Amino acid sequence: MVDKTTGESTASESPADSDSASPRDNDWRDKRSKQPDDSDRDSFERWRLRQPYGKRFVLISLVAAILLSISFTRVDLHKGVADTGEAVGKGIEFLKQAFPVRVETARRVERLVQLGKMRAADAVPPDPADLEATERWHQMIDPHNLPVFSYIEDRPVNRHLPDSPIEPFYVERFGYLTKCLNLMIDTVEMAIWGTILSVFLAIPLGFFSARTYTPWRFTYTLGRAACSLVRVIPELIVALILVVMYGPGPVAGILALGFHTSGFLGKFFADDIENTPPGPQDALRSTGGNRIKVLLLAVLPQVMPQFVAYVQFILERNVRTATILGMVSAGGIGFELMARFDNGEYDAVATILILIFITVFTLEHVTQYLRGKLI
Amino acid sequence: MSECEMVRFESVSREFECGPDRCLVALNDVSFTVPRGQFCVIIGPSGSGKSTLLRLINGMLEPTTGSVVFDGDRITEKNIIEIQRRVGTIHQQFELVSRMTVLDNVLSGTMPLVSTLRVLTRLWPKHFQRRACSLLCQVGMSEDQLYRRASQLSGGQQQRVAIARAFILSPSVVLADEPVSSLDPAISRSVLRLLKEASRRSGATVLCSLHQIELAVEFADRVVAIRQGSVAYDGSPERLTRDILDHVYDTAEQDKDATEVAA
C-alpha cells in the first residue's frame, strides 16, 4: 500500500498525464464528458418540481375527513367527548373546592367544556319518531306480500321449554343480514376509531420510551412503564370499567381498544426508533437541527414501513377484539352474537361468525393494498 | 488572529475513557491553523485521530484540553448551534436517509433554518428548492433522479448527493471524513474533483481526511499528517516524501517486522 503512495505513482495518476490512465479511468472520463458543462449549468432552472401534495391526495384526504366526521357521530363519540368534558369540569370543580384558589385557566377550560357539551347536544337532536316507525313496520307486515326470501314461521316462543306456546314469527332473511352488516360496520368503525386513538396516544409514548430521544431518564422509565401498564390490563376489564363510566355503547369500546393497543404501538414505535441506524441522525444533528426535526427527517422515513405494518396489525386485531367487546355491552356486533348464542340460535351465530371472518379477510386485503400505496 | 484564518486548533487534546483508570489519547497537543478557502487534506493511519479532529469542529466532540477557534470565535456550548449551521459535513458512508428522495435528502441540510411544521409536511421553501436543484446540477445529477430514493443510487451518486447536502447552506467550512473510502478509484477522483470545484465556487474551506495518498497529493492545497494523535507533517503536498510517509504510517517498522518473520 505504501509503495503506491510514492511520488512516482502519484505523478502517473495526475490529470495532466491522462494518456497513462487505466481503461477504467477513460470510461469514467467518457461519462464525465457527457455531464453538464458550465454552459448547461443553468439547465436546472427548467427542472420541473413536483407538487408535494397532488389533487388525488387532497381528494382522498377530504373524503376520509368527511367519512370520519360522519362516523364520529354514528359511534356516539360526540357524547363521549361531552361526557369526558363533563368529568373534567367536575374534576376542576372538585379541585377548586379543595383548593379555593381562583384559577383563570381552570375557568377557561370549564367554559370550553360547557360550550363543547352544548354543541354536542345540538349536533344530534333526539328522534322519538324512530321507535314509532319500527312499531309501525311490524304492524304493517303482510303475510302474503313478504320481501324476497322472508317468510312467516310457527315456532315455540321459548324453544328450551317443552310446553312453550307456538306463535308465528317473521323470519327476515336478508333483513337479518342487513342488521348484522350494520352492526359489523359499527364494529369496524369502533376498531378504526380505536386504532386512531391508539396511534395518537402511541406517538408521544414511543417518543418518550425511546432511549435515543427521551429528554430525561425518568421520562424513559415513565414511558416504558405506561406502555406496560396499559398492555397488562385486559381489554375486557378496561371495557367493563369504561361501560360503568360512559354507559353501554361504542364509546367505552373505542376507549378500551385505544388504551390497550397504545401500549403495544408505543413499545413497537420506541423499539424501532432505537434501532434506526444512527449515521443519518448524527449527520443531520451535526447541522444544528433539534431532535424533533432529526426524528422527523432521519428516523420517521426509515421506520415508516414498520409503523404502517404495526398499525395495520393493530387495526385487524381491533376488529377481532371489537366483536368480543360487545359481550360486555361495549358496542359492536358482539352483543348480538352473545344474545343469539344465549338463545340457542346457532344459525344466527353462524351468520355472524361468517360475517366476521369475511370482514377481517377483506380488511386484511384492503389494508395490504393501502400499505403498498403508502410505503 | 489573522483575518484570513478560518479554523485554528490551539493545543487541542482529546482523550476517551476506555475503562477504569484507562484512557485512550486520540489527539495530543495539536496546533495548526487552516486559512480561509484552503483545501486541507488530513492523512494518517486508522485510529490516528483524523475523524476526532474533524468532529471537534462540528461540535460532535469537545476537546479535553485546548480549544478550537472557528472564524475568530472559540467554539463553546453557547455558540455551537450557530457554528454548526456554518459547517457542512460529508461522511464516509454518505449517511443519506435511504428511503427519502434525492431532493429531500439535499433539502434536509436546510433543517436548522426551516420550521418544524415545514419539515413535517416537507413543504420546503422555494428558494431552498432552487438552490438544491442548482447544486444537484453542479454535482452532475439529472432531473429524472430528483425523486428517486437515495437507496436506488450507486455509491458515487450518493456521495454526490451528500456533497450537495453539505453545500446547501453555503457553509464556510466543509468537513469531509474519508469521503471516498467506499468508492472505487475512478469515482473517488470524480467525487473529490466535485468537492474541490464546489468549494472553489463557494469559497468554502475544506478539511478532508483521506487514506489515498495519491489523491491527497493530487487535490490538496496543503497536507496535514497525523500520527498517534500528533501532527507529524504539515506542509504542501509536493514536499511530502517517502520518508515522511514511512514515518507517518510506520512503514519502515512494518517492513522490518515482515523481513524478520520471513527470515
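So you know, we letter chains A, B, ... as the sequences are listed, proteins then strands, and number each from 1. Every value quoted in this text rests on a predicted model; they were computed, and no experiment measured them.
- With a 4.5 angstrom heavy-atom cutoff, A:Val299 does not touch chain B via any of its atoms.
- The distance from the CZ atom of B:Arg165 to the OG1 atom of A:Thr287 is 8.0 Å, given to the nearest 0.5 Å.
- Listed for the B:Glu95 side chain is no donor-acceptor partner under 3.5 Å among the backbone atoms of A:Gln281.
- For chain A, no part of B:Thr241 is nearby; none of its heavy atoms comes within less than 4.5 Å.
- With a 4.5 angstrom heavy-atom cutoff, B:Arg86 does not touch chain A via any of its atoms.
- Looking at B:Ser98, both its backbone and its side chain come within 4.5 Å of chain A, counting heavy atoms on both sides.
- More than 12 heavy-atom neighbours from other residues, nucleotides or ligands sit within 6.0 angstrom of CD on B:Gln152.
- When every heavy atom of A:Pro52 is checked against every heavy atom of B:Leu123, the shortest pair comes out as CG-CD2, 3.3 Å.
- Residue B:Thr121 comes nearest to A:Tyr53 through the heavy atom pair O-OH, 2.5 Å, listed as atom of the first residue, atom of the second, then distance.
- Among all heavy-atom pairs drawn from B:Thr116 and A:Lys293, the shortest one is OG1-CE, 3.6 Å.
- The side-chain heavy atoms of B:Met100 and A:Leu297, taken from C-beta on, include a pair separated by under 4.5 Å.
- For the residue pair B:Met141 and A:Trp47, the shortest heavy atom distance occurs at O-CH2, 3.4 Å.
- When side chains are defined from C-beta on, A:Pro301 does not count as touching B:Arg149, because their heavy atoms never get closer than 4.5 Å.
- Side-chain atoms of A:Arg48 and B:Leu146, non-hydrogen and from C-beta on, never get closer than 4.5 Å to each other.
- Residues B:Met60 and A:Ser286 meet the side-chain proximity criterion, which asks for heavy atoms closer than 4.5 Å.
- Listed here is the closest heavy atom pair of B:Met111 and A:Gly289: CE-CA, 3.4 Å.
- Options B:Ser108, B:Gly88, B:Gly109 differ in how many heavy-atom pairs under 4.5 Å they form with chain A, and the most are formed by B:Ser108.
- In terms of heavy-atom pairs under 4.5 Å with chain A, the best-connected choice from B:Gln129, B:Glu238, B:Gln93 is B:Gln129.
- Chain A is approached within less than 4.5 Å, heavy atom to heavy atom, by no residue from residues 166-178 of chain B.
- Interface residue A:Ile292: only side-chain heavy atoms are found under 4.5 Å from chain B.
- Applying the ring-ring contact (aromatic ring centres under 6.0 Å, His included) criterion to B:Phe128, with sequence neighbours excluded, gives no partner residue.
- The nearest pair of heavy atoms linking A:Leu49 to B:Cys133 is CD2-SG, 3.7 Å.
- In terms of the ring-ring contact (aromatic ring centres under 6.0 Å, His included) criterion, A:Phe208 has no residue partners (sequence neighbours excluded).
- Residues that satisfy the side chain to side chain contact (heavy atoms under 4.5 Å, CB included) test with A:Arg211, not counting sequence neighbours, are A:Arg217, A:Tyr220, A:Glu274.
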